[in-house]
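Below, each value reflects all heavy atoms present in this structure, side chains not excepted, and no hydrogens, waters or symmetry copies. Throughout, a chain's letter reflects where its sequence line sits, starting with A, and its residues are numbered from 1.
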Number of protein chains: 2
Amino acid sequence: MARGRKTVTIREVAEDAGVSLQTVSRVVNGGPNVRPQLRDKVRASIERLGYVPSLAAQRMSGSRSYIILAINDRERTLADWRERRGTDWVDQMLLGGILTCSKHGYRMMVELIDTHSDHVERELSAAISALQPDGVVLTPPHSENRLITELLAERGIPFARIGSNTPGPGIALTMGDEGAGHLATSRLIELGHRRIGMIAGPAQYSLSGWRIEGWKRALAEYGLPVEGLLETGDFGYESGTRAARALLDRNPDLTAIIASSDQMALAALEVARDRGLSVPRDLSLISFDNTPIVRFTNPPLTAIDQPIAETVSRAVEQLIAREPADDGDPVIEVAAALVERSSTAPAPGTA
Amino acid sequence: MARGRKTVTIREVAEDAGVSLQTVSRVVNGGPNVRPQLRDKVRASIERLGYVPSLAAQRMSGSRSYIILAINDRERTLADWRERRGTDWVDQMLLGGILTCSKHGYRMMVELIDTHSDHVERELSAAISALQPDGVVLTPPHSENRLITELLAERGIPFARIGSNTPGPGIALTMGDEGAGHLATSRLIELGHRRIGMIAGPAQYSLSGWRIEGWKRALAEYGLPVEGLLETGDFGYESGTRAARALLDRNPDLTAIIASSDQMALAALEVARDRGLSVPRDLSLISFDNTPIVRFTNPPLTAIDQPIAETVSRAVEQLIAREPADDGDPVIEVAAALVERSSTAPAPGTA
DNA sequence: ACAAGTCTTGAGAACGCTAACAAGATGCGC
DNA sequence: GCGCATCTTGTTAGCGTTCTCAAGACTTGT
């Protein structure tokens, strides 16, 4: 079987252009000191032969690997997948990442790792040794995992922590969860709501805590109570059902709920329907994430939009631009926005 | 800045175990002729030092690259993303791919390519030269792009065509679209429907044609008419709206619609609601894809479930297991299933 | 016009691994 | 016990690129 034509190497380009390997390499990498005339000649040869440098060889020669590694939680990803729950979050981060990587001649690779297992270090370590990425993007809950951040810091690999707002090591990229929690709550208060329940995410995600903080701050600003209005879920549908029931059982006068994920909001919507509560007439609902699902529910949900793709994109930009011996790692905020749909309305009995 | 500890190389393992590099290499790759005693000794050293072979170096030395490349349509992916339409399809294929790759010590990389641009060849060629993947997974509409399949065949790179049922070159993996179209249509006929409209996908996707074939076959089996019952969309929401309107305008007696994507089905649902038609009382609806969205619509949609993850997983298995000089490329079918929810009911006026 | 730079180019080593070959050890049949 | 095949281990030569260093060509200031 004809193995097809051999790959074009830098050597062939060098011969074709009548220069040394090193000169071609300089042209390819935009090296500074090459006469324009020669440069054009080399470029012509590259174009004609269709030369593209081999990633593997580039890595081998000790420079960059042109690979950014994205770490996702295997457990959660698998569960989402198995239950066909939709993994839009993964999607978004991948898109933002891949697009930005390709813009800079990089590639993004995804690795699934169990945060909870005691192999975390080993798994991550193996991935890094095999790939030797130029940067790593950590998604929650990995962003907060000390074992992971310390390993990366020790290895001297630049990394970004998505959904974290604590300063280094590693670039932190937050979507302003405290602000988003505050924003959603404030809006409900403006609409006349006084008893606003919160279905938070698991404590293991620090962003869960921040959203709660924002919610509390808004309530405090209006002197509204907090007691008995907080429930915790795991972002999944079932946990949302439990939480919504608990909230409504405990607070007959509840008129609004903020859910920390679309799935939990969907569950709350269903619970409300079961109890004969009309959304938004009797109960207003705001969710977090704004995945495609919430546009097609009945009614469509008002939601906090998480600019995940944008955030990951920013993270990748930072990692690629990063100088090896750079100064302190920044904390970057990509603000979330409130998208109003039809699950929010003035509180019952309001003008 | 301390660059962190250096990566462990095969050389260090060899020294630690007191053997040659080659022996370590053999142990790592499961080479056949190593004395058990030595093998265990080497394994112990590997374990102790935490050695993991460098992907780049492995590729360099002329063997496999341990990389499977997945090609997606940039245009469509970007549009999906921009409009936050949900790219569950991408998700599913990624998951199936990544999981199966990692099971075999491979990695999956995603590349977005414009099918329509005249750079297709160049883009693909560049990706292949840079990555030198051991296999390529083509998703629709790339699966049918001659420029692409010929390029891959010529280069001698094993590849799989998802959503295609025509024999080689390249492994074909179909979800049985003709059968699925037939299945959905038959079910509706069983329910007493006689005027069943079809909103097909774009002709550029060959699976669109197959679904139409299945629909026609089922109708023909019952001597039912086809005329005026076919509309074409582009899988997107807006096109679904247009198609559904056209269908209902032209056929006042229409009692069922099959839509070739969830988005188009959602649009049809909305059109029906606008016209005061109750789903499923007045109009039954079956969609293709079964993405998470359709579980949360009102009513939840009956849908043909596309086993995308499963299919991609099978594709990857095939590619990895592939011997270089293998015999003919197979055509593999991973059958789709009908998931009944609440958008289908007996035709109006039926027992 | 000359010394001291700066720009431009090239030669050779190195990156970490495996393929191909070579050589020594072991087993087998007779 | 000898010759041959087989098993086991080691040695050497790349794979395609960039890095380091060195040498030649060109500037510039005086």
Side-chain angles (χ1 to χ4, degrees), chain A residues 3 5-42 45-46 49-67 105 126 128-134 324, chain B residues 3 5-43 45-46 49-67 105 126 128-132 134 324:
Chain A
R3 277 289 300 159
R5 54 164 185 260
K6 212 177 132 298
T7 312
V8 180
T9 75
I10 200 174
R11 166 162 285 111
E12 296 165 50
V13 176
E15 275 168 19
D16 186 81
V19 298
S20 72
L21 306 187
Q22 185 51 41
T23 301
V24 178
S25 177
R26 283 194 187 99
V27 172
V28 169
N29 298 313
N33 298 327
V34 180
R35 248 185 329 169
Q37 183 195 345
L38 241 199
R39 177 161 46 71
D40 292 345
K41 195 172 171 191
V42 173
S45 292
I46 290 175
L49 298 172
Y51 167 72
V52 176
S54 150
L55 254 202
Q58 288 188 125
R59 165 66 258 186
M60 275 301 292
S61 67
S63 74
R64 287 163 296 178
S65 67
Y66 296 100
I67 287 180
I128 287 174
S129 297
L131 261 26
Q132 295 175 271
D134 292 338
Chain B
R3 278 290 298 158
R5 54 163 185 259
K6 212 177 133 297
T7 313
V8 180
T9 74
I10 199 174
R11 166 161 285 111
E12 297 165 50
V13 176
E15 275 168 18
D16 185 81
V19 298
S20 72
L21 304 187
Q22 185 55 37
T23 301
V24 178
S25 177
R26 283 191 188 102
V27 172
V28 170
N29 299 313
N33 297 327
V34 180
R35 245 184 333 168
Q37 183 195 345
L38 242 199
R39 177 162 45 72
D40 292 344
K41 196 172 171 191
V42 172
R43 286 225 175 109
S45 291
I46 290 176
L49 299 172
Y51 167 72
V52 176
S54 150
L55 254 203
Q58 287 188 124
R59 164 67 259 186
M60 277 302 292
S61 67
S63 72
R64 288 162 297 177
S65 67
Y66 296 101
I67 286 180
I128 287 174
S129 298
L131 260 27
Q132 296 176 270
D134 292 338

The contact string for nucleotides 12-24 of chain D, one letter per nucleotide 5' to 3', using protein heavy atoms under 4.0 Å with B, S and - for base, sugar-phosphate only and none, comes out as --BBBBSB-----

Quick check: does any side chain N or O of [X] sit under 3.5 Å from a backbone N or O of [Y], one acting as donor and the other as acceptor?
X: A:Ser65; Y: A:Gln132; value: yes
X: A:Asp134; Y: A:Tyr66; value: yes
X: A:Asp16; Y: A:Glu12; value: no

Is [Y] close to [X] at the side-chain level, that is, under 4.5 Å between some pair of heavy atoms?
X: B:Arg39; Y: B:Arg35; result: no
X: A:Ser25; Y: A:Ile10; result: yes
X: A:Gln58; Y: A:Leu55; result: yes

Note: contacts of residues 12-20 of chain A with DNA chain D (heavy atom, under 4.0 Å) are none

**Item:** Under-4.0 Å side-chain N/O to phosphate OP1/OP2 contact, B:Asn33 with D:dT8
**Value:** yes

For B:Leu49 and B:Val8 the tightest heavy-atom approach is O-CG2, 3.4 Å

Query - Stepwise side chain to side chain contact (heavy atoms under 4.5 Å, CB included) test for A:Arg11 and A:Leu21 - result: CA-CA 6 Å; A:Arg11 166 162 285 111; A:Leu21 306 187; 3.9 Å; yes

